[in-house]
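Since the structure comes first, as structure tokens, the remarks are kept for the end.
Quick note on labels: first sequence line is chain A, next is B, and so on, each numbered from 1.
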2 protein chains.
Amino acid sequence: MLDLRRLRLLRDLAHLGTIAAVAQAHTYTPSAVSQQLSALEREAGMPLLQRSGRRVTLTPAGELLVHHAEQVLTALERAGAALAAVGTGLTGPLRIGAFPTAVRTLLPAALVALGRDHPGLELMVTELDPAAVPGELRERRLDVGLLHDYDVAPVEPDPALDAMSILEETVYLATPASFTANPIGSVAVASDLPWIVGTPGTLCHTVAMRVCRAAAFTPRVRHHADDFTTVLALVAAGQGVALVPQLAATGPPSGVRLMPLAIQRRTRIAYRQGSATHPAVAASISAIRTSAKAYLGAASAY
Amino acid sequence: MLDLRRLRLLRDLAHLGTIAAVAQAHTYTPSAVSQQLSALEREAGMPLLQRSGRRVTLTPAGELLVHHAEQVLTALERAGAALAAVGTGLTGPLRIGAFPTAVRTLLPAALVALGRDHPGLELMVTELDPAAVPGELRERRLDVGLLHDYDVAPVEPDPALDAMSILEETVYLATPASFTANPIGSVAVASDLPWIVGTPGTLCHTVAMRVCRAAAFTPRVRHHADDFTTVLALVAAGQGVALVPQLAATGPPSGVRLMPLAIQRRTRIAYRQGSATHPAVAASISAIRTSAKAYLGAASAY
DNA sequence: GGTCGAGCATAAGCTGAGCTTACGCTTGAG
DNA sequence: CTCAAGCGTAAGCTCAGCTTATGCTCGACC
């Protein structure tokens, strides 16, 4: 019988790429992970890993087993959710992860509602980049987390997670109030201005670069900033222009002008596959969706 | 994370009824099982068992978890089957369980075909009562097993197993050749004769009693015998009458007359849920179905 | 009603699986 | 070329999983 902990390690190796990263995620040593995966190979009766330089990669059999491991872990998550539903499912920790703008705008009302309706829940919020949400959910350090992507830069769904749409936002070009241009709904109007974009490697950075390139220019990047409050302050100070999603653009500082673009940012709430029926997960989804609906108006939240 | 071995123990407790029986099935002591199930309760965070006299029964939460445990174990079985399919799936042990008549009539040709087509398989046949097949499959002591029931005494499917029909047989009333009666196709013609039925508790015994009672008489049981070769020999010796399925009635000894009844026996080949795609399981199903078809003619095997 | 064995739970003891530490090899980034 | 990243193997340590020991309750049977 294939061991669950070993299946999890193999699954995580597929996501994280190295035994050392898996070890870190589990607070184990690399040696422990190496030995457990070797034991899994013996259980399976075939090689699941192959040496590739100083790393390991999965054999086709290993990749197949990862897929099946997800099914097993999903079934197990369902078992846990079902138990919680018949027990005292609305008590104990509920760990929510969200990006900074959402923590500031959506979560306060949701937390108030959850605390009022389910006083037994121990609510914990972690502010983190959406890129980190899948790993934290997978390692069970979060129960739900907010993800987003853009229609111009879609992010592939993670097989270990399910997600539910909570928000679709218009992306704006934020310009200093002193900037006057023909409002044509394209970033091309700012092609010769300095830009404020996200840290390289973040989705916000990728999107800004991709949108400008689609408008046939390379942006002159003056500043990098990830928090939109900061971004808008820099815009107001005349430091440049930036792409700003609607949630962050609500109630902008004076000195900023917003021009809507034909670009959408889509926010989802994600949770481990199989955990949708967990009462606490269901309650947090409901509360956050309600909060998003109220925050932006009914038209934006499906 | 719920532990798989503990989930199996809980699942088996649901089937076997006592901790002692589960311990025996796993070659553990009752104390080990008791302690592991207590640990599972702590993992689950709620009672799964309740004391009931000197036994334990499952709480509603325990029963729910058993259901989910089956799903998890099925997913795991699928993982194993998928691995076998990409590896050398047609080598190693293939353990087949069947009732005596099937071992004598169906299995020889199937074994010959399997041995010829897949010489790497290590074929092992165990003769056992169909009532024992589910437990043996569940505990992984068999890979496939033959089950049967009768249309007048259907057996409920086991949630841990899948099955495939291989045979439908007519049941005959076997009488001594010296017995002359109006062939009306009912056991009522033998209501005042002595009967040879199966051991009490077996399905054959249940069926004989039920069929006679439906014909408004209680059979005068003279002999109990489970093997149909023995039953037919007793009938030939004038010791009484018996119900005999087609498979066993093929080529009866001289001195026996067979009258077809409107009763069917249905034989299936069973395997653990999720293991249908295991190459060895699939090969054995195919070989045994082919053998059954050949043995009784195409009309009897669907 | 009494007896005795079935069935279970708890505590203590033993063993080996799962992890860490130590070490050494290969690779690849700079 | 150097050095750190990454991994695998061996030895050592710890504790989870099992057995043994014990005792309690129940229920079958006389």
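- Look at CD on B/Gln36: it is 12 Å from C1' on D/dT19, rounded to the nearest Å.
- As judged by a 4.0 angstrom heavy-atom cut-off over every strand, B/Ala20 is placed among residues touching the sugar-phosphate backbone only.
- Between the P atom of D/dG17 and the CG atom of B/Leu37 lies a distance of 12 Å, rounded to the nearest Å.
- Nearest nucleotide to the A/Arg6 side chain, out of C/dG18, D/dG17, D/dC7: C/dG18.
- D/dT9 atom C1' lies 13 Å from atom CD1 of A/Ile19, rounded to whole Å.
- The side chain of A/Ser34 places an N or O atom within less than 4.0 Å of a non-bridging phosphate oxygen (OP1 or OP2) of D/dG8.
- Checking D/dC18, C/dC19, C/dT27 against the side-chain heavy atoms of A/Arg54 singles out C/dT27 as nearest.
- Contact annotation: the side chain of A/Leu10 approaches that of A/Leu40 to within less than 4.5 Å [non-hydrogen atoms, C-beta and beyond].
- Rounded to an integer number of Å, the gap from CG of A/Leu4 to P of C/dA17 is 18 Å.
- When the P atom of C/dG18 is taken as reference, atom CE of B/Met1 falls 12 Å away, rounded to whole Å.
- Rounded to whole angstrom, the span from the CD atom of A/Glu41 across to the C1' atom of D/dG8 amounts to 12 Å.
- Contact annotation: side chain of B/Gln35 to base of D/dC18, donor-acceptor pair present below 3.5 Å.
- Nucleotides of DNA chain D nearest to A/Arg5 and A/Leu13 differ in position, and the one nearer the 5' end is that of A/Leu13.
- For A/Ser31 and A/Gln35, the side-chain atoms include at least one donor-acceptor pair closer than 3.5 Å.
- For B/Val56, the listed nucleotide lying nearest its side chain is C/dA9; candidates were D/dG8, C/dA9, D/dA4.
- We find that CD of B/Gln50 is positioned 16 Å from C1' of C/dA9, with the value rounded to whole Å.
- The residue among A/Ala39 and A/Gly53 whose nearest nucleotide of DNA chain C is located toward the 5' end is A/Ala39.
- A/Arg272 has no carboxylate O lying under 4.0 Å from a charged side-chain N of A/Glu70, or vice versa, which leaves the two without a salt bridge.
- By the 4.0 Å N-to-carboxylate-O rule, A/Glu122 lies too far from A/Arg95 to be salt-bridged with it.
- Side-chain proximity of A/Ser31 to C/dT27, C/dT21, C/dA11: nearest is C/dT21.
- Rounded to an integer number of Å, the gap from B/Arg51 CZ to D/dC26 P is 8 Å.
- Residue B/Glu77 forms a salt bridge (Lys or Arg N to Asp or Glu O under 4.0 Å) with just one option from B/Arg138, B/Arg8, B/Arg140, and that option is B/Arg140.
- With C/dG7, D/dT20, D/dC7 as the candidates, the nucleotide lying closest to the side chain of A/Thr18 is D/dC7.
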